[in-house]
Protein chains: 2
Amino acid sequence: MQLSKSSQYAIRILAFMANHQEMQPMNANKLSEELLIPYKFLTKIMNELVKADLIVSIRGREGGYSFAKPPSEIIIDEILAIFHDSIKDEQCVLGIGFCNGMCKCALHDQWMEPKILMQKMFRESTLEKIAGQGCKI
Amino acid sequence: MQLSKSSQYAIRILAFMANHQEMQPMNANKLSEELLIPYKFLTKIMNELVKADLIVSIRGREGGYSFAKPPSEIIIDEILAIFHDSIKDEQCVLGIGFCNGMCKCALHDQWMEPKILMQKMFRESTLEKIAGQGCKI
DNA sequence: CTTAATTACCACCTTTAGGTAGAATTAATT
DNA sequence: AATTAATTCTACCTAAAGGTGGTAATTAAG
Ligand code: SF4
Ligand code: SF4
């Protein structure tokens with residue numbers, strides 16, 4: 001019942017970068033040390049963010065990563081989607097999906113509420129908002 | 001962002017059994033066929049439920065599984081705990097846990113609400129309530 | 001031109017979740 | 001006592017998540 005490490009790390013990385021835009025491009029070593037994320041795993045994740053066009057990378061000396069678009073335009077759910085982690089509408093707490101509307105289990109209605117709140121949280125939060133509070137996470 | 005298969009299956013199995021208490025003891029073959037859960041995996045799960053004292057098993061011919069206590073006394077969270085799936089108070093959407101209260105990320109407050117709803121759902125639903133609606137899940 | 005600093009790529013390793021196989025054990029029926 | 005229908009136990013297999021290693025490619029600085 002939690003996000004994958006890749007998603008968690010990606011959000012933290014991007015939030016940190018958003019909080020330190022003056023340091024762009026920011027290199028993998030710095031990110032790895034600051035956020036205590038294994039270097040090799042981090043570069044793998046960064047590479048996926050580059051392929052997904054959230055980040056642009058500059059190779060070679062003085063290189064690193066910068067945003068491909070302003071953090072205010074990056075939605076958390078966009079990040080989760082890259083790692084196949086966003087919450088589908090039909091996602092059910094028992095792994096079944098759409099039961100017949102006439103015949104729902106007692107968890108159905110109770111599950112809707114938190115599910116919608118989480119979807120809302122992921123779909124309506126931008127990186128800028130998250131980063132805003134300025135704390136290293 | 002979902003329960004493990006073991007937890008999902010366990011809830012469905014127990015709910016089905018609660019809906020058919022007149023058929024106790026109920027054997028693994030029946031459960032496997034009705035709920036479309038792989039037989040061998042199901043027996044493994046049942047065995048864990050037995051060890052956790054939710055279910056008692058009767059071996060040999062005419063054997064099967066029955067409740068060790070009435071479904072009205074079995075809490076969903078109890079089931080999740082067996083499979084290390086219940087939601088801890090300190091569980092954080094970014095996998096960090098308790099950040100300093102002074103310095104929380106912008107997801108913190110948004111996460112609290114769905115988390116508490118899910119904890120409530122799992123901690124306050126009994127099997128009897130879930131089973132009540134009588135639909136096979 | 002050389003070197004150092006950087007990301008990209010490919011292949012692998014480790015752990016965990018999910019699932020399977022088969023023999024051992026148990027108890028009612030015949 | 002043998003048969004049969006059931007659970008239990010031990011061990012294994014497979015796929016996915018999480019993580020690591022080595023090297024090629026790229027670029028700025030000296
Ligand atoms: S009724 Fe229950 S099992 Fe069916 S989709 Fe809703 S939550 Fe899932
Ligand atoms: S502040 Fe953010 S990172 Fe820290 S515990 Fe709360 S949700 Fe997790």
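Since we're looking at a predicted model, the values are computed, not measured. So you know, we letter chains A, B, ... as the sequences are listed, proteins then strands, and number each from 1.
- To the nearest angstrom, C1' of D:dA16 lies 14 Å from NZ of B:K5.
- Contacts between residues 38-47 of chain B and DNA chain C, defined by a heavy-atom separation below 4.0 Å, involve B:P38, B:K40, B:F41, B:K44, listed by number.
- Straight-line distance from the CG atom of A:D85 to the P atom of D:dA16: 15 Å, rounded to whole Å.
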For this session: Decide side chain to side chain contact (heavy atoms under 4.5 Å, CB included) for A:L107 and A:L94; before the verdict, give the C-alpha distance in whole Å, the side-chain angles of both, and the deciding distance to 0.1 Å.
Result: CA-CA 9 Å; A:L107 285 180; A:L94 298 184; 4.1 Å; yes

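- At whole-Å resolution of the value, CG in A:L3 and C1' in D:dG18 are 15 Å apart.
- Between A:Q24 atom CD and C:dT6 atom C1' the separation is 16 Å, expressed in whole Å.
- The closest side-chain donor-acceptor pair between B:S125 and A:Q110 falls under 3.5 angstrom.
- Heavy-atom minimum distance, B:W111 versus B:C92: NE1-CA, 3.7 Å.
- Note: CZ (B:F83) to C1' (C:dA17) measures 13 Å, nearest angstrom.
- Smallest separation of non-hydrogen atoms from B:S32 and B:I37: OG-O, 2.8 Å.
- Between atom CD1 of residue A:I76 and atom CG of residue A:L14 there is a gap of 8.0 Å, rounded to the nearest 0.5 Å.
- Rounded to an integer number of Å, the gap from CZ of A:R61 to P of D:dT26 is 19 Å.
- A:D85 places no side-chain N or O within donor-acceptor distance of the main-chain N or O of A:S7, the cut-off being under 3.5 Å.
- The stretch residues 48-60 of chain B comes close to DNA chain D through B:K51, B:S57, B:I58, B:R59, B:G60, each having a heavy atom under 4.0 Å from the strand.
- Between B:K120 and A:E113, no side-chain nitrogen of the basic residue sits less than 4.0 Å from a carboxylate oxygen of the acidic one, so the salt-bridge criterion is not met.
- Distances shorter than 4.0 Å separate none of the side-chain N or O atoms of B:Y9 from OP1 or OP2 on C:dG18.
- Here C:dA28 presents its C1' atom at 14 Å from CG of B:N27, a figure rounded to the nearest Å.
- If you check the side chains of B:E62 and B:N27, you find no donor sitting under 3.5 Å from an acceptor.
- Atom CD of A:E62 is separated from atom P of C:dT7 by 11 Å (rounded to the nearest Å).
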Exercise. What do the steps show when you test A:L31 against A:Y9 for side chain to side chain contact (heavy atoms under 4.5 Å, CB included), and what is the final call?
Worked result: CA-CA 11 Å; A:L31 287 168; A:Y9 286 160; over 6 Å; no

